[in-house]
Amino acid sequence: MTVRTWGWLAAVIDVVLIVVFALIGRSSHGEANTLLALWTTAYPFLAGWAIGYVTSGAWARPLRFWPTGVVVWVLTVFVGMAIRVATGQGVVDGNPLPISFVIVATIVLGVFLLGWRAVVRGVLRLRARRTPPTREA
């Protein structure tokens, strides 16, 4: 696969996993999973992801942990939380940013955004070891 193909595939996988994160969060709190409700929960993190994807140059090195994966992950969480606070989402007992949510979101998004990259890199390395080198005639 080309780097360009991996770049597009990485973008799709990241976006799907962020939406899954929002879906799991809404479901675990017994909230409606309508398209609009899901968008409301996901868009702050998708905005952070977009900034991270562009900032890290992810299209050029989509499977790298550093800087790609880490920058995408950190900005997804940081910008997502900032937008949630600015828009009044997730206020619990007057607290606009419950620490428990920050911890859970950071861990889950880290596992999602870095985890699939680790799996793919491992599979690609394993395949490269098993593939015999081609011989010139």
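When reading the values below, keep in mind they use all heavy atoms of this one structure, side chains included, and skip hydrogens, waters and symmetry mates.
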Establish whether [X] and [Y] are linked, either directly or via other cluster members, by ILVMFWY side-chain heavy-atom contacts under 4.5 Å.
X	Y	value
V3	V120	no
W39	W49	yes
W73	W66	yes
W8	Y53	no
M81	V91	no

Could you check L38 against L23 for side chain to side chain contact (heavy atoms under 4.5 Å, CB included), going step by step and ending with a plain yes or no?
-> CA-CA 7 Å; L38 186 57; L23 186 62; 4.0 Å; yes
Given the rule in the side chain to side chain contact (heavy atoms under 4.5 Å, CB included) test, do R121 and R64 qualify, once you have shown the distances and angles that lead to the verdict?
-> CA-CA 8 Å; R121 286 175 63 104; R64 301 269 311 265; 4.1 Å; yes
Are the side chains of [X] and [Y] in touch, meaning some heavy atoms are under 4.5 Å apart?
X	Y	result
W6	L124	yes
Y43	I83	yes
V15	L46	yes
S27	N33	yes

I need the minimum non-hydrogen distance between [X] and [Y], along with the two atoms involved.
X	Y	value
R26	A32	NE-O, 2.7 Å
Q89	T41	OE1-CA, 4.0 Å
P62	R117	O-NE, 2.7 Å
I18	F45	CG2-CB, 3.7 Å

Quick check, are the ring centers of F112 and F21 under 6.0 angstrom apart?
-> no
Does L126 CG have over 12 foreign heavy atoms under 6.0 Å away?
-> yes
State which residue, out of I13, V77, D14, V108, fulfils the side-chain contact (heavy atoms from CB on, under 4.5 Å) condition with L113.
->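 Result for side-chain contact (heavy atoms from CB on, under 4.5 Å) with L113: D14.
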Pair W59-T68, side chain to side chain contact (heavy atoms under 4.5 Å, CB included): steps then yes or no | CA-CA 9 Å; W59 62 89; T68 305; over 6 Å; no
Counting only N and O atoms by type, is there a donor-acceptor contact under 3.5 Å from the side chain of S56 to the main-chain atoms of V72?
-> no
